[in-house]
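Notes follow the structure.
Since we're looking at a predicted model, the values are computed, not measured. Along the sequence shown, residues carry numbers from 1.
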Amino acid sequence: MADLQDDIPATHEVGEDDCLPDDLRPAPAPEGRAHHPRARPAGELLERAHALLAGHPVADGYCGLPQALRRLPWYDLELGETAVDTDVPRLREGHVAALFWSLHLPEVRDGERAVTATLEQLDLVRRVVAAHPEGLRLVRTAGQVLDARSRGRVAVLLGPAPGAALGDSLGLLRILHSLGLRVLTLADTAWAGSSGLTRFGEEVVREMNRLGVLADVSGAAPDAVERTITLSRAPVLCSRSAARALRPHPANLPDELLTALGRAKGLCMVPLTAEQTGPAVPDVADHLDHVRDVAGPDCVGLSGTYDSGTVHPRDLADASRYPHLIAELLRRGWSETEVAQLTWGNIQRVLRSADFVARATQLRREASTARITELDAS
């Protein structure tokens with residue numbers, strides 16, 4: 001698989017790889033960044049990272065592969081596909097066991113076209129997974145994620161999808177859920193704006209709780225993020241957000257929202273992009289440190305954002321490179337428990353919590369309906 005790294009287009013990286021990866025070599029710390037003493041040789045750290053990921057693999061919160069595959073006339077993800085950042089061999093090399101496949105299309109923002117584009121992306125994902133049965137499996141629940149892993153398949157979850165695809169219809173939300181949708185993005189909608197959630201927006205969040213669809217607030221206005229965190233009974237996701245205190249990107253979260261997200265047991269999934277986190281592995285690790293410290297170790301996750309048209313930090317050019325990031329975290333003193341939560345445990349908790357809230361909400365509605373019917377009959 002080493003040859004595949006050389007095949008990645010240069011536009012996907014910042015700088016050139018040396019024989020020893022940059023993320024495993026000591027570098028001068030910029031002003032304000034503390035040096036983390038290296039306790040073990042680089043090779044030992046990388047070996048330890050691979051061993052840890054074998055038991056606690058990566059659940060990647062955002063993959064733009066459906067968008068990338070639209071441009072290819074032919075591909076084989078099980079054999080390996082150098083035209084994209086993500087294929088089955090590299091997922092296995094990077095110890096990725098679960099992926100959220102984005103249904104976003106950057107060129108489609110709103111209106112009837114957003115509905116059509118979302119359904120087309122959903123159909124594409126289904127066809128891609130069906131064409132690669134030895135490597136991929138479409139799943140919905142935390143239990144199905146575990147089952148796919150035990151069978152040697154990479155679990156594919158549908159979402160995030162653009163909230164604009166709903167228009168003003170909860171019916172479309174229910175249809176998308178029936179087709180397997182697990183995450184919906186609230187940003188760039190008329191009902192989740194700078195003044196918070198509209199009345200319809202609040203109904204959307206409540207219906208998502210009932211269905212078990214997770215709310216993704218990355219890129220949403222601060223008031224909308226805060227109101228969603230307060231209103232939602234299920235954990236809230238930030239599928240592509242890092243720390244604004246370290247890098248002032250509009251999709252990154254300020255500390256007050258990270259604190260609120262942590263109190264609500266939500267999940268901030270830090271993207272591996274040069275624009276949001278910085279050009280090198282230590283920069284990404286700085287954001288992970290910060291989110292862990294502010295929101296808590298059970299509220300931080302990973303979002304590769306591969307195949308989404310973004311530039312990635314050095315030595316994180318594709319989905320096979322996760323062990324190099326984990327080696328850096330181990331060098332900084334992250335415990336194995338914290339790493340296991342980051343890569344696998346936290347997203348499993350969020351999925352289970354959303355499923356529990358959905359079942360509880362449905363049971364309450366059924367009990368309420370039965371009680372009303374009983375009273376009417378009497």
Side-chain angles (χ1 to χ4, degrees), residues 61-62 100 102 104 106 109-110 114 159-166 168 173 183-209 213-273 275-278 283-284 286-303 305 308 310 346-347 350 353-354 357:
Y62 192 99
F100 286 82
S102 167
H104 286 276
R109 289 287 182 178
D110 52 34
L166 302 187
D168 295 319
L173 173 60
V183 186
L184 184 78
T185 299
L186 274 58
D188 299 320
T189 63
W191 40 267
S194 58
S195 58
L197 298 177
T198 66
R199 184 170 299 180
F200 175 74
E202 293 186 349
E203 287 302 311
V204 170
V205 173
R206 292 190 182 98
E207 188 67 5
M208 290 168 72
N209 285 178
V213 176
L214 292 161
D216 169 26
V217 294
S218 279
D223 286 349
V225 175
E226 187 173 5
R227 180 56 182 153
T228 303
I229 292 173
T230 301
L231 179 64
S232 179
R233 297 182 65 250
V236 172
L237 280 182
C238 295
S239 68
R240 292 176 294 169
S241 292
R244 192 174 296 180
L246 301 184
R247 202 168 184 89
H249 189 279
N252 291 347
L253 295 182
D255 284 358
E256 56 268 25
L257 287 181
L258 283 174
T259 300
L261 189 70
R263 283 198 301 264
K265 298 301 180 184
L267 186 59
C268 180
M269 309 190 84
V270 175
L272 310 187
T273 68
E275 182 181 7
Q276 284 185 251
T277 53
D283 298 305
V284 180
D286 285 345
H287 284 268
L288 292 170
D289 283 343
H290 190 86
V291 174
R292 178 196 59 177
D293 294 342
V294 175
D298 54 351
C299 297
V300 57
L302 294 171
S303 181
T305 63
S308 58
T310 60
N346 289 340
I347 192 61
V350 166
S353 296
V357 169

Distance-only check: which donor-acceptor pairs under 3.5 Å involve side-chain atoms of residues 192-199, not counting sequence neighbours?
{"from": "T198", "atom 1": "OG1", "to": "F200", "atom 2": "N", "distance (Å)": "3.4"}
{"from": "T198", "atom 1": "OG1", "to": "G201", "atom 2": "N", "distance (Å)": "3.1"}

Can you list the residues that meet the side chain to side chain donor-acceptor pair (under 3.5 Å) rule with [X], with sequence neighbours excluded?
X    : answer
E202 : R227
S239 : D216
D168 : none
T277 : none

My understanding is that only residues two or more places apart in sequence, or in another chain, count here; which of them pass side chain to side chain contact (heavy atoms under 4.5 Å, CB included) with [X]?
X    : value
A251 : H249, Q276
A234 : N209, S232, A354, V357
S102 : Y62, H104, P160
P254 : R244, E256, L257

Could you check whether any side-chain N or O of S241 sits under 3.5 Å from a backbone N or O of C238, counting only pairs where one atom can act as donor and the other as acceptor? no
Check whether any side-chain N or O of R240 sits under 3.5 Å from a backbone N or O of T305 as a donor-acceptor pair, and report yes or no. no
Please evaluate residues L258 and V291 with respect to the criterion side chain to side chain contact (heavy atoms under 4.5 Å, CB included), reporting the C-alpha separation (whole Å), side-chain torsions for both, the decisive distance (0.1 Å), and the verdict. CA-CA 7 Å; L258 283 174; V291 174; 4.2 Å; yes
Work out which heavy atom in [X] is nearest to a heavy atom in [Y]; give both atom names and the distance.
X    : Y    : answer
P297 : N346 : O-ND2, 3.1 Å
T189 : A164 : CG2-N, 3.6 Å
P235 : L214 : O-CD2, 3.5 Å
A224 : A220 : CB-CB, 4.5 Å

Take L288 and L302 through the side chain to side chain contact (heavy atoms under 4.5 Å, CB included) test and state the conclusion after the steps. CA-CA 9 Å; L288 292 170; L302 294 171; 4.0 Å; yes
Enter the distance from [X]:[atom1] to [Y]:[atom2] here, rounded to the nearest 0.5 Å.
X    : Y    : atom1 : atom2 : value
L253 : L261 : CG    : CG    : 7.0 Å
L246 : D286 : CG    : CG    : 6.5 Å
E203 : L231 : CD    : CG    : 9.0 Å
T228 : M208 : OG1   : CE    : 8.5 Å

Verdict with supporting geometry, V205 and L186, side chain to side chain contact (heavy atoms under 4.5 Å, CB included): CA-CA 9 Å; V205 173; L186 274 58; 4.3 Å; yes
Just jot down the salt bridge (charged side-chain N to carboxylate O under 4.0 Å, His left out) partners of E207, sequence neighbours excluded, or say none. R174, R210, R365
Is there a side chain to side chain donor-acceptor pair (under 3.5 Å) between N252 and H287? Walk through the geometry before answering. CA-CA 10 Å; N252 291 347; H287 284 268; 4.9 Å; no
Apply side chain to side chain contact (heavy atoms under 4.5 Å, CB included) to residues V300 and C268 and explain how you reach the verdict. CA-CA 5 Å; V300 57; C268 180; 5.7 Å; no
Sort and list the pairs that fulfil side-chain hydrogen bond (donor to acceptor under 3.5 Å, both in side chains) and have at least one residue in residues 258-268, not counting sequence neighbours. K265-D298
